Amino acid sequence: MENRFETEHFSAADKRVRSIVTTALLAALACAATMVIRIPSPTGGYLNLGDTVVLLGAFLLGPWAGALAGGIGSAMADALSGYVVYVPATLVIKAVMALTSGFLYRFLRDRTGGMVLAALVGEIPMVVGYWLFDALLLHSWAGSAAGIPSNLVQAGFGVAVSVFLAAALRKSGFVRSRFPNL
């Protein structure tokens, strides 16, 4: 009897389950990447690897599943790390970040620099989103601007590492067969 997991002929239900599980795994990875390595920033937050996974999820899964994985995983990290006030903002900001980079990458995928541009543009909602949310919390546009430099460093690191990892994964036929969005 043939093992159904060894064939390439999955039913629609099998593909749906695989998609849900992969999205959940990337959400868990985004949470772990955000929590494991945390470099404190002068503004009270911290630099982490979370943006790397949010962008990578958008490249691998596409914009919608990437938005779910990035938003939920990053928000879980805030909840588990004691930054509960940021959970709703992070959920929306990281989801919009993944949607933006995912849709732009889908459009620019095979163009030179498409992945880099999609990642860079995808980071804009993160920097702007946290600046606006901090302004709401602090009741000060100028005071919240203090977090922009740290968020720009976070964005640059996320772009560099996610593009490097995605480019490396893209070279694998096996990965491309499992993640056709890449």
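What you see is a predicted model, and the numbers here were worked out from it, not measured in a lab.
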### Message
List the residues meeting side-chain hydrogen bond (donor to acceptor under 3.5 Å, both in side chains) with Tyr86, not counting sequence neighbours, and say none if there are none.
### Response
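Once residues adjacent in sequence are excluded, the partners of Tyr86 under the side-chain hydrogen bond (donor to acceptor under 3.5 Å, both in side chains) criterion are Asp134.
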### Task
With sequence neighbours left out, write down each residue that passes side-chain hydrogen bond (donor to acceptor under 3.5 Å, both in side chains) with Ser41, or none if nothing qualifies.
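Once residues adjacent in sequence are excluded, the partners of Ser41 under the side-chain hydrogen bond (donor to acceptor under 3.5 Å, both in side chains) criterion are Thr43.
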Looking only at heavy atoms, which two atoms of [X] and [Y] are closest? And how far apart?
{"X": "Arg106", "Y": "Gly62", "result": "NH2-CA, 4.3 Å"}
{"X": "Ala69", "Y": "Ala30", "result": "O-CB, 4.2 Å"}
{"X": "Ala67", "Y": "Ala95", "result": "CB-O, 3.4 Å"}
{"X": "Ala33", "Y": "Val53", "result": "CB-CG2, 3.6 Å"}
{"X": "Ser101", "Y": "Ala58", "result": "OG-CB, 3.5 Å"}

Please list every donor-acceptor pair under 3.5 Å in which a side-chain atom of residues 21-29 meets a protein atom from a residue at least two apart or in another chain.
residue : atom : partner : partner atom : Å
Thr22   : OG1  : Arg18   : O            : 2.7
Thr23   : OG1  : Ser19   : O            : 2.8

Does [X] belong to the same Ile/Leu/Val/Met/Phe/Trp/Tyr cluster as [Y], with side-chain heavy atoms less than 4.5 Å apart forming each link?
{"X": "Val54", "Y": "Phe179", "value": "yes"}
{"X": "Ile148", "Y": "Met97", "value": "yes"}
{"X": "Leu61", "Y": "Ile20", "value": "no"}
{"X": "Val36", "Y": "Leu80", "value": "no"}
{"X": "Leu55", "Y": "Met35", "value": "no"}

Would you confirm whether [X], through its side chain, and [Y], through its main-chain N or O, come within 3.5 Å as a donor-acceptor pair?
{"X": "Tyr105", "Y": "Leu182", "answer": "yes"}
{"X": "Ser150", "Y": "Gly147", "answer": "no"}
{"X": "Arg109", "Y": "Asn181", "answer": "yes"}

### Task
Give every residue pair that meets the salt bridge (Lys or Arg N to Asp or Glu O under 4.0 Å) criterion with at least one member in residues 64-90, sequence neighbours excluded.
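As it turns out, there is no salt bridge (Lys or Arg N to Asp or Glu O under 4.0 Å) pair with a partner in residues 64-90 once direct neighbours are skipped.
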### Task
Give a yes or no on this: more than 12 heavy atoms of other residues, nucleotides or ligands lie within 6.0 Å of atom CZ of Arg176.
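More than 12 heavy atoms, drawn from other residues, nucleotides or ligands, come within 6.0 Å of this atom.
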### Query
Lys94 and side-chain contact (heavy atoms from CB on, under 4.5 Å): which partner among Ile72, Thr34, Asp51?
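Running side-chain contact (heavy atoms from CB on, under 4.5 Å) over Ile72, Thr34, Asp51 with Lys94 returns exactly one hit, Asp51.
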### Task
May I have all residue pairs that pass side-chain hydrogen bond (donor to acceptor under 3.5 Å, both in side chains) and include part of residues 152-171, sequence neighbours excluded?
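Counting only pairs at least two positions apart or across chains, the side-chain hydrogen bond (donor to acceptor under 3.5 Å, both in side chains) contacts touching residues 152-171 are Asn48-Gln154, Asp110-Arg170.
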Ignoring hydrogens and angles, write down the donor-acceptor pairs under 3.5 Å from the side chains of residues 113-133, residues two or more places apart or on other chains.
residue : atom : partner : partner atom : Å
Tyr130  : OH   : Thr90   : OG1          : 2.6
Trp131  : NE1  : Trp141  : O            : 3.2
Trp131  : NE1  : Ser144  : OG           : 3.2

